[in-house]
**Student:** 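Please find one structure pasted underneath; my questions will follow.
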Amino acid sequence: MDGCPKKNLLAEVLRKGIVLAKNEQNPADQNPTEESPHRLIEMRLEKMEELGQSVELYPYSYDRTHTSEQARSGEEKLVADETTVRYPGRIMAKRGTGKTLFVPIQDEWGILQAYFRKDDLGEEKFAQIQKLIDIGDWIGVEGPLFRTRTDELTVKVTDFTFLAKAIQPLPEKFHDMSLENKSRRRHLDLAMNLESRERFKLRSAIITDIRAFFAEDEFLEVETPVLQPLYGGATARPFTTHHNALDMTLYMRIADELYLKRLIVGGLEKVYEIAKDFRNEGMDRTHNPEFTMLECYAAYWDYHGMMDLTERMLRRLAVGFGDEGRVTYGEYEMDFNKPFVRLRFMDALAEKTGQDLMQTSTEDLVVLAKKHGAEIKKGMGRDKILDELFSVLVEPELIQPTFVMDHPKELSPLAKAHRETEGLVERFELFIAGFEVANSFSELNDPREQRRRFEDQKALMDAGDDEAQPIDEDFLQAMEQGMPPTGGMGMGIDRLVMLLVDTNNIRDVLLFPHMRPEQ
RNA sequence: GCGCCACUAGCUCAAUUGGCAGAGCAACUGACUCUUAAUCAGUAGGUUCGGGGUUCGAUUCCCUGGUGGCGUACCA
């Protein structure tokens with residue numbers, strides 16, 4: 001094998017070839033990197049220059065008479081009346097047969113095809129569209145509508161206006177872009193994928209409908225600070241920033257809860273905010289560093305009131321955006337028309353384990369949890385073990401909308417103690433398709449108790465827990481002014497949208513998800 | 001954070017044991033007056049993610065850095 005003559009000969013020839021190529025290259029090629037990478041762009045710039053000699057390259061406006069949708073819906077009358085339409089959009093393809101040219105033009109609502117004929121347009125104009133105007137450019141076409149032999153609604157172009165040049169080429173049209181490319185260059189994703197457009201329009205419509213829902217219920221939409229001198233209302237690490245004029249540290253909010261409660265103290269009885277929150281934590285399929293959170297608070301309500309509100313809201317969304325109240329998510333089919341299941345936390349565990357765990361000793365609880373495959377770490381409190389057990393035994397089965405209520409106390413530092421059962425709090429979480437959609441409490445409004453809990457948090461913080469909350473004296477002072485009984489609810493809007501548009505990746509519902517910088 | 005996998009033309013992807021880096025779309029030239037993934041003939045396009053190593057020879061094997069995907073952990 002080693003001395004194979006054929007092999008050595010081949011190697012020698014190849015080596016010579018490489019040396020030759022190098023020798024050729026060195027003297028001749030002064031600028032080897034200059035030429036190739038942008039050849040497509042250079043080509044387009046050249047065409048642009050030529051086109052610029054006869055038309056305005058970047059005109060200021062265009063008078064549209066019809067969108068693609070309006071042209072389609074009004075076709076019968078438009079064709080009968082031989083109405084001249086003026087239709088602008090982006091060129092998505094060019095199909096020429098020498099002296100004719102078919103050009104699909106896309107606007108926000110879809111694609112309408114345009115038909116260019118040399119005989120109709122004359123030599124110069126036809127040469128423009130055929131030679132100088134590229135896929136990706138924007139034009140407005142003018143002419144009557146007709147149906148082609150293959151029954152495609154088409155603008156028969158009598159004149160057209162150049163609207164803007166695309167120096168960059170569009171991506172290839174019949175393969176999907178990678179999720180990375182879609183997320184990094186959303187403008188291309190939106191240009192190429194109408195279903196992506198529809199998804200983001202749906203997100204917008206969902207949020208609009210949520211606002212309408214709260215307006216009908218006479219909630220007041222408010223805005224509270226994003227930049228906060230102290231962060232709170234959740235357990236999470238914050239982003240930190242600096243105010244130059246005041247020379248002070250400010251934090252991006254991790255929640256708006258503490259400010260909304262001050263409004264309740266002030267006498268605004270029903271408030272809500274759709275807030276961007278920021279948490280300095282890991283990113284994955286279901287977490288983005290900035291995300292949209294709905295929080296609402298209502299004076300004189302408890303968590304039962306919030307449960308009713310949450311159920312009404314989600315049923316409305318499922319009717320509006322699902323199939324008559326039914327929503328498909330992956331392999332699951334949920335029916336929002338039926339009353340949501342209401343399941344007490346401890347009852348669910350009792351049913352799964354066959355015993356009342358309120359009475360079980362912590363030692364027995366650890367044994368039980370391990371038996372069911374829950375991960376038990378040192379230092380976990382009794383309630384934390386219950387939570388682990390719950391997430392292993394119960395959560396995966398919560399496909400239909402289900403309120404899990406009355407949690408153990410340790411898990412819920414912001415909730416009011418349960419009015420009947422010792423050791424529990426008045427809280428609910430809404431689970432749908434196996435993940436948590438909403439979280440709600442009868443809000444704690446005793447300032448002495450609130451101060452104790454802040455001090456517990458402070459102790460955790462001093463012990464090195466970087467997710468613990470600092471003591472917020474301003475908030476405590478507001479609470480000392482007296483907050484009426486209040487129900488509060490928080491809902492992750494991004495995850496709600498994921499559910500309604502049936503995707504398992506948060507990047508599909510965020511126009512510009514956070515990405516690591518390229519290179 | 002950790003683990004596994006991926007990165008090749010503007011885009012989507014090939015490339016046998018380590019042996020001349022390819023296709024489709026987009027682009028360019030030409031033909032074609034109802035096309036619709038138009039068609040036909042031809043042309044051009046590459047730092048194979050960066051850096052190092054092994055080898056006569058690396059897209060391929062090893063090390064290292066980057067980015068991404070999936071899983072997992074933490075977490076609304």
Side-chain angles (χ1 to χ4, degrees), chain A residues 1-2 4 6-18 21 32-33 35-44 46-47 92-104 111 113-121 126 131 134-136 146-154 156 167-181 183-185 188 192 233-237 254-255 277-289 291-295 375 377 429 435-439 466-467 490-496 504-507 515-519:
Chain A
M1 282 291 171
D2 281 338
C4 170
K6 191 179 168 191
K7 200 175 173 182
N8 286 340
L9 185 66
L10 181 61
E12 199 179 314
V13 168
L14 289 176
R15 208 162 42 239
K16 276 185 187 165
I18 288 162
T33 53
E35 175 199 353
S36 57
H38 304 300
R39 57 182 216 288
L40 294 175
I41 293 171
E42 280 177 6
M43 200 74 79
R44 281 168 175 249
E46 281 169 24
K47 285 196 239 180
M92 299 306 290
K94 284 166 78 180
R95 293 186 289 270
T97 59
K99 297 186 180 61
T100 66
L101 191 62
F102 287 90
V103 179
I111 288 180
Q113 174 176 270
Y115 175 52
F116 296 80
R117 232 169 139 257
K118 194 172 188 172
D119 290 351
D120 296 340
L121 288 163
F126 191 76
K131 298 285 182 192
D134 290 312
I135 294 172
F146 76 108
R147 286 266 171 179
T148 62
R149 270 206 305 249
T150 46
D151 206 28
E152 176 87 19
L153 185 63
T154 303
K156 190 170 193 297
I167 294 165
Q168 298 270 4
L170 284 176
E172 185 247 1
K173 60 187 171 237
F174 39 77
H175 289 95
D176 222 6
M177 288 187 284
S178 64
L179 179 58
E180 179 184 359
N181 255 334
S183 305
R184 277 191 202 279
R185 297 197 280 170
L188 289 181
M192 300 306 292
T235 50
R237 293 163 64 189
I254 58 173
D277 289 345
F278 306 83
R279 300 192 181 173
N280 207 340
E281 289 164 348
M283 307 156 47
D284 62 26
R285 227 181 59 239
T286 54
H287 295 83
N288 197 62
F291 61 99
T292 304
M293 180 80 147
L294 164 72
E295 289 196 41
E375 255 188 79
K377 295 179 194 139
E429 295 176 290
F435 63 85
E436 190 192 328
V437 171
N439 190 14
D466 51 12
E467 291 184 347
M491 186 180 288
I493 294 298
D494 308 298
R495 295 206 184 155
L496 174 69
N504 65 3
N505 199 317
I506 200 168
R507 286 183 174 172
M515 304 288 284
R516 284 191 168 84
E518 280 179 294
Q519 284 183 337

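Chain letters run A, B, ... following the sequence lines, proteins first, then strands; residues in each count from 1.
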**Student:** Sticking with atom C1', work out how far B:U12 lies from B:A6, rounded to a whole angstrom.
**Tutor:**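 Their C1' atoms lie roughly 15 Å apart.
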
**Student:** Roughly how far apart, to the nearest Å, are B:C28 and B:U17 at atom P?
**Tutor:**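 About 40 Å, rounded to a whole number of Å.
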
**Student:** Choosing from B:U35, B:C25, B:G45, which nucleotide comes nearest the side chain of A:R39?
**Tutor:** B:G45

**Student:** With rounding to whole Å, what would you report as the distance between B:G45 and B:A21 at their P atoms?
**Tutor:** 14 Å

**Student:** What contact category does A:T235 fall into here, base, sugar-phosphate, or nothing, at under 4.0 angstrom with non-hydrogen atoms?
**Tutor:**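 Contact class for A:T235: sugar-phosphate only.
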
**Student:** Measuring only the P atom in each nucleotide, how far is B:U54 from B:G68? A whole number of Å is fine.
**Tutor:**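 Their P atoms lie roughly 32 Å apart.
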
**Student:** When all nucleic acid strands are considered with a 4.0 Å heavy-atom cut-off, which category describes A:N505: base, sugar-phosphate, or nothing?
**Tutor:**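 Contact class for A:N505: sugar-phosphate only.
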
**Student:** Taking the side chain of A:E180 as its heavy atoms from C-beta onward, which of B:U67, B:U35, B:C11 lies nearest to it?
**Tutor:** B:U67

**Student:** Select base, sugar-phosphate, or nothing to describe what A:D284 touches, counting heavy atoms under 4.0 Å on all strands.
**Tutor:** base

**Student:** When you compare B:A23 with B:G71, how far apart are their C1' atoms, in angstrom units rounded to a whole number?
**Tutor:**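 It comes out at 33 Å once rounded to the nearest Å.
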
**Student:** Any base atoms under 4.0 Å from A:V437, or only sugar-phosphate, or nothing? Heavy atoms, all strands.
**Tutor:**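 Touches a base.
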
**Student:** Write down the distance separating the P atoms in B:C49 and B:C11, rounded off to the nearest Å.
**Tutor:** 13 Å

**Student:** Would you classify A:R44 as touching base, sugar-phosphate or nothing, given that sugar-phosphate means primed atoms plus P, OP1 and OP2, and contacts are heavy atoms under 4.0 Å?
**Tutor:**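 No contact at all - A:R44 keeps every heavy atom at 4.0 Å or more from the nucleic acid.
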
**Student:** Applying side-chain hydrogen bond (donor to acceptor under 3.5 Å, both in side chains) to A:N181 and A:S183, what does each step give before you reach the verdict?
**Tutor:** CA-CA 5 Å; A:N181 255 334; A:S183 305; over 6 Å; no

**Student:** Just by protein heavy atoms under 4.0 Å, how would nucleotides 28-34 of chain B read 5' to 3' in B, S and -?
**Tutor:** S-S-BBB

**Student:** Using the P atom as the point on both nucleotides, what is the distance between B:U35 and B:U43, in whole Å?
**Tutor:** 28 Å

**Student:** May I ask you to decide whether A:K99 forms a salt bridge with A:D119, counting only side-chain N to carboxylate O separations under 4.0 Å?
**Tutor:**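 Looking at A:D119 together with A:K99, the answer is no, because their closest N to O distance does not fall below 4.0 Å.
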
**Student:** May I ask you to decide if A:T292's main-chain N or O and A:D494's side chain share a donor-acceptor pair within less than 3.5 Å?
**Tutor:** yes

**Student:** Treating A:R285 as the side-chain partner and A:I506 as the backbone partner, does any N or O pair qualify as donor plus acceptor under 3.5 Å?
**Tutor:** no

**Student:** Dot-bracket notation for RNA chain B is requested: 5' to 3', Watson-Crick or G-U wobble pairs only, both distances under 3.5 Å, with ( ), [ ], | and . as defined.
**Tutor:** (((((((..((((.....[..)))).(((((.......))))).....(((((..]....))))))))))))....

**Student:** By the 4.0 Å heavy-atom rule, please label A:I254 as base, sugar-phosphate, or nothing.
**Tutor:** nothing

**Student:** How is A:M293 classified with respect to the nucleic acid when contacts are heavy atoms under 4.0 Å: base, sugar-phosphate, or nothing?
**Tutor:** sugar-phosphate

**Student:** Please determine whether any donor N or O and acceptor N or O are separated by less than 3.5 Å between the side chain of A:Q113 and the base of B:U35.
**Tutor:**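 Yes, a donor-acceptor pair under 3.5 Å.
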
**Student:** Between A:R95 and A:Q113, do the side chains contain a donor N or O and an acceptor N or O under 3.5 Å apart?
**Tutor:** yes

**Student:** Please verify the inter-ring angle class for A:F102 with A:Y115; under 30° counts as parallel, over 60° as perpendicular, anything in between as tilted.
**Tutor:** parallel

**Student:** So what does A:E281 hit on the nucleic acid, given a heavy-atom distance under 4.0 Å: a base, only sugar-phosphate, or nothing?
**Tutor:**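 Counting heavy atoms under 4.0 Å across all strands, the contact made by A:E281 is with sugar-phosphate only.
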
**Student:** Could you give the distance separating B:C7 and B:U48 at their P atoms, to the nearest angstrom?
**Tutor:** 14 Å

